[in-house]
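Every chain is numbered from 1 and lettered A, B, ... according to where its sequence line falls, protein lines coming before strand lines.
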2 protein chains.
Amino acid sequence: MPVTLRDVAQKAGVSAMTVSRVVNGSSGVDAETQRRVEEAILALHYIPNRLARSLVSQQTKTIGLIVPDVVNPFFAPVVRGAETTARKAGYRVLLCNSEGDLRLEREYIEDLVSHRVEGLLLAPAGDHSRLALLPLLKGGFPLVLLDRAVPETDCDIVISDNVAGAKKLTEHLIAVGHRRIAHFTDSDDVSTGRDRLEGYRQGLATSGIPASDDLIFPTTTDRMGGYRAAQLMLELDPLPTAIFTVNNMTALGAMQALRERGISVPEDIGLVCFDDVEHLAVLSPFLTVVDQPGETFGSLGAQLLFERISGKAGNRSRRIVLQADLIVRKSCCVNTGVPAR
Amino acid sequence: MPVTLRDVAQKAGVSAMTVSRVVNGSSGVDAETQRRVEEAILALHYIPNRLARSLVSQQTKTIGLIVPDVVNPFFAPVVRGAETTARKAGYRVLLCNSEGDLRLEREYIEDLVSHRVEGLLLAPAGDHSRLALLPLLKGGFPLVLLDRAVPETDCDIVISDNVAGAKKLTEHLIAVGHRRIAHFTDSDDVSTGRDRLEGYRQGLATSGIPASDDLIFPTTTDRMGGYRAAQLMLELDPLPTAIFTVNNMTALGAMQALRERGISVPEDIGLVCFDDVEHLAVLSPFLTVVDQPGETFGSLGAQLLFERISGKAGNRSRRIVLQADLIVRKSCCVNTGVPAR
DNA sequence: TTAGTGATTGTTAGCGTTACCATAACGCGA
DNA sequence: TCGCGTTATGGTAACGCTAACAATCACTAA
């Protein structure tokens with residue numbers, strides 16, 4: 001059904017090759033011929049078939065990007081950063097949403113490879129993503145990890161210093177007077193979760209506060225996870241005076257649960273988290289957070305990937321650690337300077 | 001470099017055709033042969049080349065989705081809805097971000113067509129998208145518009161009743177006592193902007209309030225647009241007692257500008273808008289809005305598209321109008337019942 | 001004149017896959 | 001033993017495109 005090169009060639013009274021030359025702007029086509037061909041292209045609304053083109057040229061000018069959640073205010077700018085950088089390099093991005101699900105992620109990886117993307121940007125679902133990545137790595141497939149590390153998987157990565165960030169956050173809580181701090185953490189399978197938990201522990205340790213497992217609530221990193229963890233936490237007696245959640249969505253969920261119980265932040269309990277919530281920060285600068293530069297993750301990741309693709313990247317794998325900044329707002333430090341209870 | 005069907009065939013000691021049969025689960029392959037082939041596939045990490053496959057089968061099992069802004073809390077669920085529905089139908093989605101830019105949009109459309117997507121879901125940048133769409137429509141290409149109509153362009157569409165929604169919002173403002181209401185509107189090129197402006201006018205008209213052009217501020221629908229419009233509006237004397245912005249991002253920008261001037265909402269001025277801001281609604285249920293069901297836009301749109309693709313969709317174009325719901329929160333109705341000033 | 005030069009265009013093959021038809025091998029009844 | 005259907009497998013062409021080479025032509029220098 002769609003118009004092909006041959007259709008154009010026939011209409012213009014030339015060979016397919018000549019049309020191809022015109023389409024690709026190659027030199028060595030007579031001006032008059034070129035005009036006739038261009039006329040035919042316009043008349044027929046011819047659009048080249050990239051499948052065919054890629055098949056012969058062996059390059060698709062496409063990279064894949066898999067994130068656990070496009071909607072998350074942290075990943076959204078990551079996507080944008082990657083896309084912008086890719087565009088500048090003449091590449092397009094195939095975007096996939098793994099929902100943090102290993103099986104879905106695996107499917108998407110296969111899918112992208114089968115689409116012959118020239119490289120892959122991946123914010124992995126967790127440590128077990130390793131199984132899907134190993135064959136890629138073994139085959140020398142250009143791959144850059146974003147945001148999350150995968151143990152024993154040696155490849156380029158853009159990540160932030162989660163331990164330091166979490167430690168900063170914890171120390172801040174302690175500095176404003178909190179001693180009993182709950183932590184909502186991700187499943188043990190995700191490096192960011194582990195690192196932030198470690199930062200939390202270190203933060204407590206430097207102040208000589210014992211870390212109690214009772215205060216650590218493993219959960220999922222979506223809003224529901226925060227909601228559930230908060231409900232569990234609310235059983236505690238005495239209640240913690242502050243919560244440090246592993247990411248932004250979890251904090252929102254916690255917030256929701258607290259509100260439902262009539263517990264207000266920061267009057268009754270402090271709340272801090274990793275990752276900012278962009279739009280929210282504008283409307284009511286409220287949550288104290290450690291903010292990661294999402295857009296930079298995306299653009300740096302894409303840059304690393306393109307270096308890999310073009311073979312400019314040597315054998316050793318590169319590791320970029322970005323700084324995460326503490327943004328102190330109002331969600332943990334009560335006005336009296338001392339937390340309630 | 002990548003492994004092909006022939007490599008597998010050679011390894012398994014069979015012809016390419018046999019491997020193809022195994023890969024596609026066709027019958028008529030000896031159990032023992034099948035085992036050998038499967039072994040070879042696994043050993044070689046063979047992944048079929050979808051480019052080649054699509055080239056011969058003439059179907060890519062892929063649809064395109066173009067939105068003006070993935071990051072916008074309204075479009076994010078649209079994307080998710082479309083993707084989920086597509087997945088269920090065995091399709092994948094190529095997601096593109098037009099940034100509301102006509103040229104970029106046009107490029108993406110060409111790109112997607114050249115990728116031979118089987119259909120296109122488009123939230124158009126504006127009326128002028130028409131030029132890019134006409135050739136598609138003429139060629140019978142499956143196309144479904146989302147959220148925004150394009151005049152004189154007859155095709156399937158999922159849209160909400162913007163006039164009614166805007167009217168409701170305006171009437172609500174009037175009901176709580178506002179009479180001098182500013183409206184931040186989109187460029188005249190976008191149907192949603194026009195319709196909401198029309199709703200605003202109708203809302204005023206039913207109460208016999210004259211609509212003054214001085215109160216209407218055309219701007220862009222991002223945060224910066226809202227910010228700038230608010231700055232212009234602040235020159236007005238007397239100040240309006242309420243603002244109705246054309247979408248969520250514009251409201252956030254306005255909010256920002258107001259805060260910077262020390263003007264608080266709703267005490268000093270009321271603020272309402274179209275589209276909710278999901279995460280924000282949880283953390284502090286504040287903005288009074290007309291909420292559109294984003295996910296439904298995406299999934300219904302995808303459904304329409306698949307009916308089109310499979311030819312089940314007759315000749316006439318379908319138009320689905322969704323209801324937009326007024327959610328009354330705190331951003332326009334002051335506690336005293338009377339707006340300031 | 002005659003090969004030589006350069007500019008323009010065409011021909012052929014192949015990218016990796018599948019549809020379609022051909023072939024081979026086997027068993028089975030007559 | 002032959003013929004026939006049945007099952008398993010292979011060969012060939014084609015999808016739309018481009019790389020590489022081949023052909024054609026006008027024209028020029030010797």
Exercise. Of the non-hydrogen atoms in A/A82 and A/L65, which two are nearest, and what is the gap between them?
Worked result: CB-CD2, 4.0 Å
Once you round it to whole Å, what is the distance between [atom2] of [N] and [atom1] of [X]?
| X | N | atom1 | atom2 | result |
| --- | --- | --- | --- | --- |
| A/N24 | D/dG16 | CG | C1' | 13 Å |
| B/Q59 | C/dT17 | CD | P | 17 Å |
| B/K61 | C/dT17 | NZ | C1' | 17 Å |
| A/L51 | D/dA14 | CG | P | 20 Å |
| A/N49 | D/dT18 | CG | P | 10 Å |
| B/L55 | C/dT17 | CG | P | 12 Å |
| A/D30 | D/dC25 | CG | C1' | 12 Å |

Exercise. 5'-most contact on DNA chain D: B/M17 or A/R53, nearest heavy atom basis?
Worked result: B/M17
Seminar exercise, completed: Note: for B/S15 and A/V3 on DNA chain D, the residue whose nearest nucleotide lies more 5' is B/S15
Exercise. Has A/T4 got a side-chain N or O lying under 4.0 Å from the OP1 or OP2 atom of D/dG16?
Worked result: no
Exercise. Is the phosphate of C/dA19, meaning OP1 or OP2, less than 4.0 Å from a side-chain N or O of B/S57?
Worked result: no
Problem set entry | No-H, no-angle donor-acceptor pair, A/R21 side chain to C/dG10 base, under 3.5 Å | yes
For this session: Tell me, please, whether B/Y108 has A/R87 positioned over its six-membered ring: NZ or CZ under 6.0 Å from the ring centre and within 45 degrees of its axis?
Result: yes
Given [options], the nucleotide with the shortest approach to the side chain of [X]:
| X | options | result |
| --- | --- | --- |
| B/T18 | C/dT17, D/dG16, D/dT9 | D/dT9 |
| A/L5 | D/dC17, C/dT8, C/dT17 | D/dC17 |
| A/Q58 | D/dC17, D/dG11, C/dG16 | C/dG16 |

Seminar exercise, completed: Whichever of A/A52 and A/Q34 has the more 5' nearest nucleotide on DNA chain C, that residue is A/Q34
For this session: Measure the spacing between OH of A/Y91 and CD of A/Q59 and express it to the nearest 0.5 Å.
Result: 6.0 Å
For this session: With sequence neighbours excluded, give me every side-chain hydrogen bond (donor to acceptor under 3.5 Å, both in side chains) pair touching residues 132-149 of chain A.
Result: none
